[in-house]
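Given the structure is predicted, the values throughout are model-derived calculations rather than measurements.
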Amino acid sequence: MSTAPTTESALPAQARAKTPTKAPNDREGFRQAMSWLHTWAGLVLGWLLFAIFLTGTLSFFRNELNLWTHPELHGLPATAAGTETNTAEKALAALHRKVPDVTQWIMHLPDERDPAVNVLWRGSGNGRFETLRMNPQTGEPVDIRQSMGGDFFYRFHFELRTAQKGRWTLEGRWVVGVATLLMFMALLTGVVTHRRIFKDFFTFRPGKGGQRAWLDAHNVTGVLVLPFYPMITFSGLMIFHSMYLPSGIAAAYAGADGKVDSNTYFADLQGDQPERRARREPGAKVEPLPLIPVATILTAAQKHWDGGRIGSIQARRDAQGHPVVEVTRHEGDRLQYRPPRLLFDATTAQPVGELNPTSPAVTTYGVLYGLHMARFASPGLRWALFGFGLLGCLMIATGMVLWSVKRSAQAQRKVATQATPAPQRLPLGERLVAGLNIGTLAGLPLACAVFLAANRLLPLELPQRADTELACFFATWGLALVWGLLCPRRLGWTAVFALAAAAWALLPVLNALTTSAHLGATLPAGDWTWAALDLAFLAASAVLGAVAWHLHRRRPAPATPARRAARTHVAAPQAPTPAAHTVPNAASEITAGT
């Protein structure tokens with residue numbers, strides 16, 4: 001029994017003689033090296049990058065998600081312009097009644113994205129901050145359910161937060177930093193690898209199917225908003241530059257004892273003076289703050305900024321123990337982060353100084369920070385950035401699927417060279433990648449919907465309710481990963497996408513059944529801050545449902561031996577000698593496979 005010849009031996013001798021030999025090309029070698037780096041930099045941590053990118057995209061609407069997960073805030077009156085002083089006075093008086101020995105507090109005043117007064121406080125200088133939501137008209141606390149809400153997506157995307165009070169935040173930031181660096185490398189090498197990247201951008205052929213369609217989708221999503229991807233990854237790295245690049249800081253800010261004087265560095269970064277920054281030892285006793293003349297201070301700040309909006313107020317004790325008040329301008333007033341701040345003496349209400357660094361290095365850093373956070377963005381621009389983020393998720397997802405499709409095509413060509421093809425079975429590596437693709441690319445949207453559904457379904461009196469919501473998220477994600485590994489083919493994709501579509505569609509229904517902040521109330525009232533999220537949930541359900549339906553109805557036709565022989569017979573070359581008849585159709589199968 002003869003075996004199938006190799007591709008080279010299957011060609012006629014005359015054809016082999018006429019085949020030109022390519023000369024070595026250093027440029028091609030460099031591009032191939034970049035292609036290898038692009039593939040593996042994206043594959044090794046591609047699933048984590050997708051999770052980081054998706055949760056980071058949701059973080060553009062962090063405030064809105066916080067509102068949706070705390071429906072008790074629905075119906076709070078909007079704060080009129082010019083009433084910030086009265087609102088702050090009432091909230092501060094209520095805080096001192098609730099916590100007489102408060103040692104530090106940060107008050108975020110209401111705006112168009114959040115109608116409540118948000119107060120972070122702690123009763124000891126070294127404890128964790130506690131949170132209060134207050135009615136802007138009365139100043140009294142609003143009793144809300146325990147939930148991380150949009151803060152979970154925000155925290156997960158840069159520190160992989162797994163609990164309301166996470167313990168491994170520093171390690172999570174390192175993992176995210178490595179993944180972000182690999183994505184930055186994949187972006188740069190992707191531009192080098194795809195030499196026709198801009199030409200391919202105008203070529204999208206979904207009808208061709210297979211590897212060609214996935215590559216076109218990867219190119220289009222990669223080029224459509226190409227400047228956005230390097231900006232968002234590089235700025236994400238720069239936000240934590242003190243962690244990832246400590247050598248420069250250590251060289252420029254070496255203390256007298258040989259240690260890094262980080263206090264001076266961060267003071268220069270924020271335009272402050274080192275001696276004004278509180279640096280207390282753990283366990284040190286801190287005196288409670290006095291009642292602060294907040295009305296006088298806010299009036300002086302508004303006059304200094306010519307009527308500019310006040311974003312937040314912070315009261316603390318400095319390194320010498322003197323009470324100081326820091327007034328921060330609203331973050332939406334400019335692109336650069338952080339906003340200008342004014343310091344006041346808390347007892348005399350006299351201005352102490354202004355914190356608004358203008359050096360080129362600090363300004364550049366602030367602009368990168370501001371671009372990444374996008375807190376300056378209007379609703380329209382925020383939705384545009386959200387769309388850019390979704391395109392980034394699609395770019396990562398299509399790259400991950402493309403890897404599997406390419407290996408599957410190579411396996412099919414290999415099978416085509418065999419005289420008696422064996423039943424196809426995914427190798428262990430490909431099966432693992434396919435399962436992880438299903439569990440992450442389809443399972444993560446399902447887990448996000450379950451997390452939001454748990455916010456409505458869990459009992460309000462449940463102890464550690466916020467952590468239970470997170471447990472529902474990670475349990476759903478884990479089950480999707482297990483399902484993907486057990487069923488890595490088309491059925492696995494269809495089932496998870498269908499469940500995700502159903503879960504997102506269920507969210508507005510649960511909202512209507514359990515709260516008064518549903519579409520029937522918010523749409524007639526024109527309350528788009530609340531209604532937009534329910535409508536977005538329905539849109540997400542429609543997209544995921546369309547994907548599930550497409551996967552369900554488009555089943556590949558089985559390649560029977562007769563059909564395979566018919567396809568290969570058309571491409572079979574004429575045999576020049578009788579010797580070629582010893583292996584009928586072998587060369588034609590190779591030609592069809594290549």
Could you tabulate the donor-acceptor pairs under 3.5 Å formed by side-chain atoms of residues 89-102, not counting sequence neighbours?
from : atom 1 : to   : atom 2 : distance (Å)
K90  : NZ     : Q137 : O      : 2.8
R97  : NH2    : E140 : OE2    : 2.5

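With 3.5 Å as the limit, one finds a donor-acceptor pair spanning the side chains of S147 and E469. Side-chain atoms of N356 and R341 form no donor-acceptor pair, as typed in the model, at a separation below 3.5 Å.
Heavy-atom neighbours of Y253 OH from other residues, nucleotides or ligands within 6.0 Å: above the threshold of 12. Counted within 6.0 Å of CD on Q464, heavy atoms from surrounding residues, nucleotides or ligands total 12 or fewer; the atom is thus considered open.
Using a 30° and 60° split on the angle between ring planes, Y369 and Y365 fall in the perpendicular class, above 60°. Ring orientation note: the planes of F228 and F53 are nearly perpendicular, at an angle over 60° on the 30°/60° scale.
Distance check: I249 CD1 to D261 CG gives 11.5 Å after rounding to the nearest 0.5 Å. Atom CG of L371 and atom CE of M238 lie 14.0 Å apart (nearest 0.5 Å). Put simply, OG on S59 and CG on L54 are 9.5 Å apart, with the number rounded to the nearest 0.5 Å. To the nearest 0.5 Å, the span separating CD1 on I313 from CG on L342 amounts to 12.0 Å. Note that CD1 of I232 and CE of M183 are 9.5 Å apart. Values are rounded to the nearest 0.5 Å. Interatomic distance, D143 CG to H70 NE2, rounded to the nearest 0.5 Å: 10.5 Å.
Side chains of V176 and E159 form no contact here, defined as non-hydrogen atoms less than 4.5 Å apart. When side chains are defined from C-beta on, L470 counts as touching F451, because their heavy atoms get closer than 4.5 Å. Inter-residue side-chain proximity for L513 and V509 is flagged as met; some heavy-atom pair is nearer than 4.5 Å. For the pair L160 and L48, the minimum side-chain heavy-atom distance is below 4.5 Å. Here the side chains of D333 and W305 are not in contact, with every heavy-atom distance at 4.5 Å or above. Side-chain atoms of V324 and V352, non-hydrogen and from C-beta on, never get closer than 4.5 Å to each other. Side-chain contact between F153 and R62 is absent, with no heavy-atom pair separated by less than 4.5 Å. Looking at F158 and R155, their side chains come closer than 4.5 Å, going by heavy atoms from C-beta outward.
What you find for E354 and P340 is that their closest heavy atoms are OE2-CB, 4.4 Å. Pairing each heavy atom of A116 with each of L76, the nearest pair is CB-CD1, 3.8 Å. When all heavy atoms of A300 and F344 are compared, the pair lying nearest together is CB-CE2, 3.9 Å. In this structure, T169 and G166 approach most closely via the heavy-atom pair CG2-O, 4.0 Å. Minimum heavy-atom separation, W530 to L73: CZ2-C, 4.0 Å. R329 and R309 make their closest contact through CG-O, 3.3 Å (heavy atoms, listed as atom of the first residue, atom of the second, distance).
At least one donor-acceptor pair closer than 3.5 Å links the side chain of R317 to the backbone N or O of E287. Not one N or O on the side chain of R465 forms a donor-acceptor pair closer than 3.5 Å with the backbone of T468. A donor-acceptor contact shorter than 3.5 Å is absent between the side chain of T69 and the backbone of L452. Under the 3.5 Å distance criterion, the side-chain polar atoms of R145 are left unmatched by any main-chain donor or acceptor of A466. Counting only distance, with no hydrogens or angles, the side chain of N66 and the backbone of D151 share a donor-acceptor pair below 3.5 Å.
Salt bridge present: E326 and R316 bring a charged side-chain N and a carboxylate O closer than 4.0 Å.
Side-chain rings of W68 and F537 approach one another, their centers coming within less than 6.0 Å. Between W383 and F60, the ring centre distance reaches or exceeds 6.0 Å. Between F50 and W47, a ring centre-to-centre spacing not shorter than 6.0 Å is recorded.
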Practice prompt. Step by step, work out the side chain to side chain contact (heavy atoms under 4.5 Å, CB included) result for D111 and D114.
Written response: CA-CA 5 Å; D111 57 13; D114 192 345; 3.9 Å; yes

Item to complete: Verify side chain to side chain contact (heavy atoms under 4.5 Å, CB included) between L170 and M243, making sure each step is shown before the conclusion.
Response: CA-CA 9 Å; L170 185 61; M243 282 181 54; 3.6 Å; yes

Worksheet item: Should W504 and L446 be marked as a side chain to side chain contact (heavy atoms under 4.5 Å, CB included) after you check the CA-CA gap, both sets of side-chain angles, and the distance that decides it?
Response: CA-CA 8 Å; W504 283 101; L446 173 61; over 6 Å; no

Worksheet entry | Worked check of side chain to side chain contact (heavy atoms under 4.5 Å, CB included) between L391 and Y229 | CA-CA 10 Å; L391 285 174; Y229 303 137; 3.5 Å; yes

Discussion item. Test ring pair (Phe, Tyr, Trp, His ring centres under 6.0 Å) on Y244 and W174; report intermediate values, then the result.
Written reply: CA-CA 8 Å; Y244 307 141; W174 272 107; 5.4 Å; yes

